[in-house]
Asks: 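Before we start, here is the structure in question, set down as structure tokens.
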Amino acid sequence: MTENDREPLVEGITAAIVGVSDFGPHLDLFRDVLGYEVAGEGVVPASVADPLWGSGPADVEVLALAAAGSGTGRIHLVRVPEPLAPAEPPHNLDVGLVGIDMYARDIEAAHASFAASGRVWTTPPTTYGVSVGEREVQVTQGVCPAPDGTVVVFVQPAAVRGTEAWTADPERPYTELTSVVCHVPDPDAEVAFWGPDGLGMGVWYDVVFSAPGFDTVAGLPPGTKMRLAFLAGEKTARIEVTSAATEHRVDRRATQRPARSLGHSGWSVRTRDLAAALDRVRATGGTVTASPVETDDPLHGRALVAAADTPNGIAVTLWQPRG
């Protein structure tokens, strides 16, 4: 293996893919309340979308949302005229994709502002501690339902990890997506897939913990032990791989497919070398579900795109810019 082969193939999760029945309610929230801008709009042509996502013979309408122009931690809104299942927010014990997270500068003010406008959070701001080695990390989170079964988790961190949006505009109330969350039956395989020997993200920590505050935020039975592996690349968004030491609930993976499902339905990941990334997918237990195709669309620009499932069946769109 050469030194170049050991370079990370990905720098983080470029975007969460969110299936929508109507763009309007999502723009009302993400653009008008949270300050995201429309960074791209139009269609992914059927000649690309169908081999990539199995979406059928029609072009797929899309919007790319960015915070303060950030090229990472984006939200890709994809219109789904005939979804595989009705919209339903996932529970933290369901198998598959769960929430999308972003930082809030003042989470109590955010909660009050949402309440004043009639947007009710399912969980108000709650603080809890996670033991990481010999130190305890304090986290304050609140959970807000979004359209089409999407779940947004606001985080006021004790220590801010780098975000492009706050670097560009330090006065913004909210950042780009700082992490995306999945709950899986085989966390070891998922960590290996994304980690240093897989696509190249670093494991910031990997702990098993239980905290009453987290039980409240996540809607878990009291005393639930949860494994949390936090993987990070050079840029946001990062990945939170969770797995509870209790019975898992609904398996949502079959109805969380990009361009065919509503809500949080996949991840979009830019890579410096698509061929090498697909080789790494296969070597670490993932499955390539769509071979590379050329595209020039609002989500990816001019790029080579392919699709894969992680070892736990999380749908990933991998793409390499083409100049």
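FYI, side chains are in, hydrogens and waters are out, and symmetry mates aren't considered; it's all heavy atoms of this structure.
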Asks: Indicate yes or no: does Arg79 engage Asp59 in a salt bridge with an N to O separation below 4.0 Å.
Replies: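 Looking at Asp59 together with Arg79, the answer is no, because their closest N to O distance does not fall below 4.0 Å.
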Asks: Does Arg161 count as lying over the ring of Phe230, i.e. NZ or CZ under 6.0 Å from the six-ring centre, within 45 degrees of the axis?
Replies: yes
Asks: Is the side chain of Thr289 donor-acceptor paired with the backbone N or O of Ala307 at a distance under 3.5 Å, no angle test?
Replies: yes
Asks: Is it possible for you to say whether Leu262 and Val95 belong to one hydrophobic cluster, with membership spreading through side-chain heavy-atom contacts below 4.5 Å?
Replies: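 Looking at the clustering, Val95 is in a separate group from Leu262.
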Asks: Counting distance only, does the side-chain N/O of Thr175 pair as donor-acceptor with the main-chain N or O of Ala165 below 3.5 Å?
Replies: no
Asks: Are any of the side-chain heavy atoms of Asp148 and Val18 separated by less than 4.5 Å?
Replies: no
Asks: Could you tell me whether a side-chain N or O of Asn312 sits under 3.5 Å from a main-chain N or O of Val184, the two making a donor and an acceptor?
Replies: no
Asks: Decide whether Phe154 and Leu65 are clustered together by the hydrophobic rule: side chain heavy atoms of Ile, Leu, Val, Met, Phe, Trp, Tyr closer than 4.5 Å, transitively.
Replies: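 Yes, Phe154 and Leu65 fall within the same hydrophobic cluster.
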Asks: Are Ser55 and Arg257 side-chain neighbours, meaning at least one heavy-atom pair lies under 4.5 Å?
Replies: no
Asks: Looking at OH of Tyr103 and OG1 of Thr163, how far apart are the two atoms once the value is rounded to the nearest 0.5 Å?
Replies: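 That separation rounds to 8.0 Å.
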Asks: Nearest 0.5 Å, please: how far is CG in Leu220 from OG1 in Thr246?
Replies: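 Between Thr246 OG1 and Leu220 CG, I get 9.0 Å after rounding to 0.5 Å.
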Asks: What's the spacing between Ser243 OG and His183 NE2 if we round to 0.5 Å?
Replies: 5.0 Å
Asks: Test of understanding: with ring-ring contact (aromatic ring centres under 6.0 Å, His included), list the residues that count as partners of Tyr36, not counting sequence neighbours.
Replies: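 Scan of Tyr36 (ring-ring contact (aromatic ring centres under 6.0 Å, His included), adjacent residues dropped) gives none.
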Asks: Which pairs would a plain distance check flag for residues 204-213, meaning a side-chain donor or acceptor within less than 3.5 Å of a matching protein atom at least two apart in sequence or in another chain?
Replies:
{"from": "Asp206", "atom 1": "OD1", "to": "Arg227", "atom 2": "NE", "distance (Å)": "2.9"}
{"from": "Asp206", "atom 1": "OD2", "to": "Arg227", "atom 2": "NH2", "distance (Å)": "2.8"}
{"from": "Ser210", "atom 1": "OG", "to": "Thr224", "atom 2": "O", "distance (Å)": "3.2"}

Asks: Identify the heavy atoms of Met102 and Glu176 that sit nearest to each other, and give their distance.
Replies: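 Reported closest heavy-atom pair: CB-O, 3.5 Å.
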Asks: With a 4.5 Å heavy-atom cut-off, do Val288 and Arg282 have their side chains touching?
Replies: yes
Asks: Mind checking side-chain contact (heavy atoms from CB on, under 4.5 Å) for Val217 and listing every partner two or more places apart, or none if nothing turns up?
Replies: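 Only Thr123, Thr126, Tyr128, Gln141, Val143 meet the side-chain contact (heavy atoms from CB on, under 4.5 Å) criterion with Val217.
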Asks: Spell out, yes or no, whether Val269 and Val203 are grouped together once hydrophobic residues are joined by side-chain heavy atoms under 4.5 Å, including indirect joins.
Replies: yes
Asks: Taking atom types as modelled, is there a side-chain donor on Trp53 or Thr317 under 3.5 Å from an acceptor on the other?
Replies: yes
Asks: Determine the minimum heavy-atom distance between Leu93 and Ala244, stating which atoms define it.
Replies: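 Result for this residue pair: CD2-CB, 3.4 Å.
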Asks: Assess whether side-chain contact (heavy atoms from CB on, under 4.5 Å) is satisfied between Ile107 and Trp121, documenting all intermediate values.
Replies: CA-CA 12 Å; Ile107 197 169; Trp121 290 17; 4.0 Å; yes
Asks: Can you tell whether the side chains of Arg302 and Asp296 come within less than 4.0 Å, N to carboxylate O?
Replies: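 No, no charged N to carboxylate O under 4.0 Å.
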Asks: For the CZ atom of Arg74 and the CD1 atom of Ile17, what is their distance to the nearest 0.5 Å?
Replies: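 If we round to the nearest 0.5 Å, Arg74:CZ and Ile17:CD1 are 13.5 Å apart.
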Asks: Any side-chain heavy atom of Val44 sitting closer than 4.5 Å to one from Leu299?
Replies: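 Yes. Closest side-chain heavy atoms under 4.5 Å.
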Asks: Under the side-chain contact (heavy atoms from CB on, under 4.5 Å) criterion, do Asp101 and Glu240 qualify, and how do the steps go?
Replies: CA-CA 10 Å; Asp101 296 12; Glu240 297 179 32; 3.2 Å; yes
Asks: What is the distance from atom OG1 of Thr271 to atom CG of Leu278, rounded to the nearest 0.5 Å?
Replies: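 With rounding to 0.5 Å, OG1 (Thr271) is 8.0 Å from CG (Leu278).
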Asks: Should Val33 and Phe114 count as side-chain neighbours, where that means a heavy-atom distance under 4.5 Å?
Replies: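 The answer is yes, as the side chains (C-beta and beyond) meet within the 4.5 Å cut-off.
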Asks: Quick one: CZ on Arg272 to CD on Glu11, what's the gap to the nearest 0.5 Å?
Replies: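 That separation rounds to 11.0 Å.
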Asks: In terms of heavy-atom contacts, does CD of Glu37 have more than 12 from other residues, nucleotides or ligands at under 6.0 Å?
Replies: yes
Asks: Taking all atoms of both residues into account, what is the closest heavy-atom pair of Ser265 and Leu97, and its distance?
Replies: C-CD1, 3.4 Å
Asks: Take His300 and Ser268, measure what side-chain contact (heavy atoms from CB on, under 4.5 Å) needs, and give me the verdict at the end.
Replies: CA-CA 9 Å; His300 312 101; Ser268 178; 4.2 Å; yes
Asks: Pick out which of Ile239, Leu231, Leu177 makes a side-chain contact (heavy atoms from CB on, under 4.5 Å) with Ile13.
Replies: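 Of Ile239, Leu231, Leu177, side-chain contact (heavy atoms from CB on, under 4.5 Å) with Ile13 is met by Ile239 alone.
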Asks: Do you know the tightest heavy-atom contact between Ile314 and Cys182?
Replies: CD1-CB, 4.1 Å
Asks: Can you give me the closest heavy-atom contact between Ser70 and Glu164, atom names plus distance?
Replies: OG-OE1, 3.0 Å
Asks: Determine, step by step, whether Asp197 and Thr284 satisfy the side-chain contact (heavy atoms from CB on, under 4.5 Å) criterion, reporting the C-alpha distance in whole Å, the side-chain angles of both residues, the deciding distance to 0.1 Å, and the verdict.
Replies: CA-CA 8 Å; Asp197 294 327; Thr284 53; 5.9 Å; no
Asks: Hey, does Val181 have a side-chain heavy atom less than 4.5 Å from the side chain of Thr242?
Replies: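 Thr242 vs Val181: side chains touch.
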Asks: Indicate yes or no for a side-chain donor-acceptor contact from His91 to the backbone of Gly219 under 3.5 Å, with no hydrogens or angles considered.
Replies: yes
Asks: Using only atom types and a distance under 3.5 Å, with no angle test, would you say the side chain of Asp94 pairs donor to acceptor with the backbone of Gly96?
Replies: no
Asks: Taking atom CG of Asp251 as the centre, report whether more than 12 heavy atoms of other residues, nucleotides or ligands fall under 6.0 Å from it.
Replies: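 Correct, the count exceeds 12.
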Asks: Is there a side-chain contact between Leu29 and Thr150, using heavy atoms and a 4.5 Å cut-off?
Replies: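 No; the side chains remain at least 4.5 Å from each other.
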Asks: Is a side-chain donor or acceptor of His264 paired with a backbone partner of Val151 at a separation under 3.5 angstrom?
Replies: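 No, His264 side chain to Val151 backbone: no donor-acceptor pair under 3.5 Å.
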Asks: Locate the shortest heavy-atom distance separating His26 from Leu77; write the atom from each residue and the value.
Replies: CB-CD1, 3.8 Å
Asks: Give a yes or no on whether the backbone of Arg270 and the side-chain of Thr14 come within a donor-acceptor separation of less than 3.5 Å.
Replies: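 Yes, because the side chain of Thr14 sits within donor-acceptor range (under 3.5 Å) of the backbone of Arg270.
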Asks: When you check the side-chain N and O atoms of Gln156 and Thr140, is any donor under 3.5 Å from an acceptor?
Replies: no
Asks: Within a strict 4.5 Å, meaning less than it, do heavy atoms of the Trp194 and Val316 side chains meet?
Replies: yes
Asks: Is the backbone N or O of Glu294 less than 3.5 Å from a side-chain atom of Arg322, with the two atoms forming a donor-acceptor pair by type?
Replies: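 Checked: no pair found.
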Asks: Membership question, hydrophobic clusters at under 4.5 Å side-chain separation (ILVMFWY): are Val62 and Val20 in the same one?
Replies: no
Asks: Using the rule that two of Ile, Leu, Val, Met, Phe, Trp, Tyr join whenever any of their side-chain heavy atoms come within less than 4.5 Å, decide whether Val305 and Leu274 are in one cluster.
Replies: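 The answer is no; the residues belong to distinct hydrophobic clusters.
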